[in-house]
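Note sheet for the following structure.
Atoms within a ligand are numbered from 1 in the order they appear, just like the ligands themselves. In what follows, every heavy atom counts, from backbone to side chain, and hydrogens, waters and symmetry copies are set aside.
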Amino acid sequence: MLEKRDDDSGIYEMINDDLARITLMVLGLMAAFIYVWKMGFRISNHIRRLASFSNEGQRYFVLPHETLSFLKNHVIYAPLFRTRHNREFQLSRAVNMGTLPSRFHAFILLGIIAMNVVVCVVTVPYKKEENTLAGIIRNRTGTMATVNLIPLVLLAGRNNPLIKLLEVPFDTYNLIHRWLARIVVFETLAHVFAWAIPKSQKIGWSGVGKALGHSNFLLVGLIATCAFVGLMVHSPSPIRHAFYETFLHLHIIMAAVSFGFLWVHLNGLPAQTYLLVAVIFWALERTARLVILLYRNCGRKSTTALVEALPGDAMRITLKMARPWSFQPGQHIYLYIPTVGLWSSHPFSVGWSESEDLITDEKGLPVTRQDVLGTKHTTLSLLVRRRTGFTDKLFRQAEASTSGRLTLRAFAEGPYGSIHSMDSYGTVLLFAGGVGITHQVPFVRHLVQGYADGTVAARRVTLVWIIQSPEHLEWIRPWMTSILAMDRRRDILRITLFVTRPRNTKEIQSPSSTVQMFPGRPNIDTIIGMEVENQVGAMGVLVCGGGGLSDDVRRVCRKRQYKTQVDYIEESFTW
Ligand SMILES: Cc1cc2nc3c(=O)[nH]c(=O)nc-3n(C[C@H](O)[C@H](O)[C@H](O)COP(=O)(O)OP(=O)(O)OC[C@H]3O[C@@H](n4cnc5c(N)ncnc54)[C@H](O)[C@@H]3O)c2cc1C
Ligand SMILES: *[C@@H]1O[C@H](CO)[C@@H](O)[C@H](O)[C@H]1NC(C)=O
């Protein structure tokens with residue numbers, strides 16, 4: 001610790017602090033830029049919606065904007081390389097190597113990496129004597145590793161306010177979170193080596209070991225470094241996806257350990273403030289979760305879940321909420337069922353919701369509506385596919401119970417998501433693969449209702465659902481029955497079902513001209529081509545299904561960019 005203090009060291013510490021602030025500012029400016037960009041779209045979408053109430057007005061919106069089409073084709077919707085983005089790289093069915101970032105995401109990540117490299121190497125006086133030089137690099141990389149923890153923690157939270165503000169989904173922030181973390185680990189290692197290498201040249205590696213043993217400051221720093229490296233080592237996609245629950249708990253524990261030791265390491269240094277800010281962000285996020293959870297589920301009544309096992313390894317879960325809840329299409333909740341998984345919460349899209357007035361009092365006697373005004377009773381329904389963890393346990397419990405139904409105490413946290421509205425598109429095309437239908441049903445319902453009420457631009461809504469077997473139709477039967485009975489539904493909604501593995505062709509029957517069923521896989525090119533030919537207003541394409549389906553639809557939407565106005569939006573059910 002007894003280093004010869006260079007006279008300039010004060011200046012370099014000031015520069016470090018400035019550079020750290022500049023880094024935060026640049027990230028903030030990036031967010032501000034995206035805010036303005038999205039605001040432009042929000043305003044133009046709103047104007048489009050208002051201008052679309054007359055059918056004639058919609059003709060204008062069919063035509064694309066050339067520059068925007070170019071950007072959408074080559075930057076915004078484009079995968080990094082040819083067509084692959086959401087389809088996972090799999091070594092085998094069990095080992096999932098993750099996905100490639102999109103071109104636009106890659107741009108942003110490269111920008112962040114480049115900025116960090118620049119900040120770590122600028123204003124370093126390379127001509128100085130070796131020892132001072134190493135000291136400056138060491139202090140710079142240490143400061144940068146700490147300051148990057150602020151955005152890293154902020155972006156990892158499900159209550160990150162930037163999700164709503166910038167209309168950027170959690171998946172994207174999660175991607176940036178992972179890259180920031182990698183940057184932090186590299187900076188931490190650079191910081192450690194900038195100390196250890198000059199030291200070893202002076203007193204040998206055994207001396208380095210001894211120095212570590214004798215200084216608390218160095219030792220806690222080393223432990224924090226090990227924890228950071230450990231966090232990186234246990235986080236790659238195959239491990240994360242294979243043991244998600246274990247991963248998550250371990251991740252939180254290791255993050256807490258590393259932050260704790262880093263706090264001691266930074267005691268009294270200016271960089272401690274950055275760590276403090278990061279910890280405050282983390283605490284605020286956790287508090288927000290708890291408050292939401294208590295607010296939603298604990299009132300005079302508590303939330304219960306009715307779980308029904310369905311054919312084809314799926315469940316319908318109907319949550320009777322403790323409090324009224326106004327729900328929007330595209331939103332998801334986190335579900336907690338303590339008796340099935342004590343510490344875990346799982347995200348699920350809300351497929352259906354009902355708000356009904358209570359018409360009986362506690363004794364089961366009917367009361368007048370006036371009496372119960374305000375005590376609305378909301379149910380939210382989920383469609384859940386059985387996987388191998390929590391969902392598997394729940395499915396088995398439901399299956400084992402009499403009549404395949406089970407009522408459990410549950411907690412729902414939300415709402416989250418719902419960052420894209422489809423209200424301004426004259427033509428809406430919804431693609432769903434399997435259980436992805438649960439994300440699309442609320443949009444169908446909302447648009448058909450909006451059409452009948454005259455509040456949305458939609459004039460053509462087409463739902464394309466790809467299922468493996470006709471028995472999967474059972475998943476959404478009650479919801480579909482309600483939708484098919486809606487006012488003026490026939491004027492606007494067409495449903496096309498594709499059954500990829502029918503047992504025999506007799507199963508495949510088209511119930512009516514607006515609901516059609518086909519065997520095999522859809523030809524996305526043909527389907528979108530047909531919509532383009534009959535397009536009213538701007539077209540919005542929303543996909544929720546496997547990565548392969550998303551990539552196919554994206555490819556076709558990009559191809560169509562220059563001829564008509566097509567927006568492509570996806571939800572992948574994974575991160
Ligand atoms: C925004 C969003 C909406 C979703 N909506 C639905 C839906 O409506 N219906 C549906 O069936 N599924 C939905 N999913 C997927 C669903 O969350 C997972 O299938 C479920 O959590 C798996 O639980 P498990 O313990 O059985 O998983 P496992 O079999 O242990 O793991 C399967 C995969 O699920 C993912 N996963 C597991 N636990 C979590 C978790 N706590 N948080 C996030 N991902 C996890 C992991 O990627 C893992 O690879 C959605 C996912 C997201 C991100
Ligand atoms: C590095 O930071 C430490 C702690 O703030 C300080 O004592 C030292 O002088 C700094 N070294 C240089 C070269 O700036």
Side-chain angles (χ1 to χ4, degrees), residues 1-17 88 94-96 98-99 124-125 128-129 131-143 158 163 169-171 174 191 194-195 198 217 237-249 265-272 310 313-317 330-337 340-341 343-352 380-396 414-419 432 434-442 475-476 544-545 571-575:
M1 278 288 289
L2 288 175
E3 300 235 358
K4 189 166 61 72
R5 236 186 120 89
D6 191 286
D7 287 337
D8 299 336
S9 74
I11 296 176
Y12 287 110
E13 276 179 65
M14 262 165 61
I15 294 178
N16 282 353
D17 214 41
E88 290 147 341
V95 184
N96 174 349
T99 56
V124 173
K128 283 243 172 181
E129 161 221 352
N131 233 336
T132 337
L133 180 62
I136 290 168
I137 293 179
R138 187 183 71 221
N139 284 10
R140 175 74 52 84
T141 47
T143 309
R158 57 177 79 146
I163 296 174
F170 180 75
D171 321 16
N174 208 332
H191 173 73
W195 169 79
F217 170 73
S237 174
I239 303 178
R240 193 170 72 235
H241 285 112
F243 315 99
Y244 193 84
E245 220 56 53
T246 324
F247 156 79
L248 201 62
H249 293 133
H265 180 69
L266 294 177
N267 230 339
L269 296 180
Q272 204 178 23
L310 301 175
D313 276 343
M315 294 167 270
R316 197 161 39 229
I317 303 180
Q331 287 183 330
H332 62 271
I333 56 148
Y334 283 83
L335 179 68
Y336 301 69
I337 301 185
V340 179
W343 293 110
S344 62
S345 66
H346 293 263
F348 296 108
S349 299
V350 178
W352 197 258
L380 299 181
S381 304
L382 319 172
L383 177 65
V384 173
R385 215 188 94 197
R386 175 190 193 176
R387 298 292 183 108
T388 57
F390 168 83
T391 52
D392 179 52
K393 255 173 101 180
L394 191 61
F395 185 85
R396 272 193 269 159
Y416 292 108
S418 175
I419 49 175
V435 81
I437 190 71
T438 176
H439 188 262
Q440 312 292 42
V441 165
W475 294 351
I476 58 163
C544 185
E571 165 64 60
S572 57
F573 276 5
T574 181
W575 39 61

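The shell of residues lying under 4.0 angstrom from ligand 1, judged by heavy atoms, includes E571. The shell of residues lying under 4.0 angstrom from ligand 1, judged by heavy atoms, includes V384. Residue contact check for ligand 1: S345 places a non-hydrogen atom closer than 4.0 Å to it.
Taking Y336 as the reference, nothing meets the ring pair (Phe, Tyr, Trp, His ring centres under 6.0 Å) condition, with sequence neighbours excluded. R386 meets the side chain to side chain donor-acceptor pair (under 3.5 Å) test with D313, D392; sequence neighbours excluded.
Side-chain atoms of S349 and F573, non-hydrogen and from C-beta on, do get closer than 4.5 Å to each other.
The heavy atom nearest to atom 9 (N) of ligand 1, out of those in T574, T391, L383, is found in L383. In this comparison of I437, T388, N174, the heavy atom closest to atom 31 (O) of ligand 1 sits on T388. Distances from atom 38 (N) of ligand 1 to the heavy atoms of H332, R386, H346, M315 show the closest one on H346. Among F573, F390, Y244, F170, the residue whose heavy atom sits closest to atom 4 (C) of ligand 1 is F573. Proximity annotation for atom 3 (C) of ligand 2: of L266, N139, T143, N139 comes nearest, heavy atoms only. Closest to atom 48 (C) of ligand 1 by heavy atom, among Q331, R387, H241, is H241.
L382 CG to H346 NE2: the interatomic distance, rounded to the nearest 0.5 Å, is 12.5 Å. Atom NE2 of H249 and atom OH of Y244 lie 10.0 Å apart (nearest 0.5 Å). Atom CG of N139 and atom NE2 of H191 lie 7.5 Å apart (nearest 0.5 Å).
In terms of heavy atoms, A194 sits closest to A134 at O-CB, 3.7 Å. Across all non-hydrogen atoms, the minimal contact from D171 to T574 is OD2-O, 3.6 Å. Heavy atoms only, all atoms of each residue included: Q272 and N267 are closest at NE2-OD1, 3.3 Å.
Near S349, meaning under 4.0 Å from one of its heavy atoms, ligand 1 places the atoms 3 (C), 4 (C), 5 (N), 6 (C), 7 (C), 8 (O). Here is the list of ligand 2 atoms found below 4.0 Å of a heavy atom in I136: 13 (C). Atoms of ligand 2 lying under 4.0 Å from any heavy atom of L269, numbered from 1 in the order shown and given with element: 4 (C), 5 (O). Against a heavy-atom cut-off of under 4.0 Å, R385 is close to the following atoms of ligand 1: 10 (C), 11 (O).
Using cut-offs of 30° and 60° on the angle between ring planes, the pair H332 and Y334 is perpendicular.
For P347, a nitrogen or oxygen atom sits less than 3.5 Å from a nitrogen or oxygen atom of ligand 1, counting backbone and side chain alike. Checked against a 3.5 angstrom limit, the closest N/O atoms of E13 and ligand 2 fall inside it. For ligand 1, the polar-atom distance check finds no N/O of L248 at less than 3.5 Å from any of the ligand's N/O atoms.
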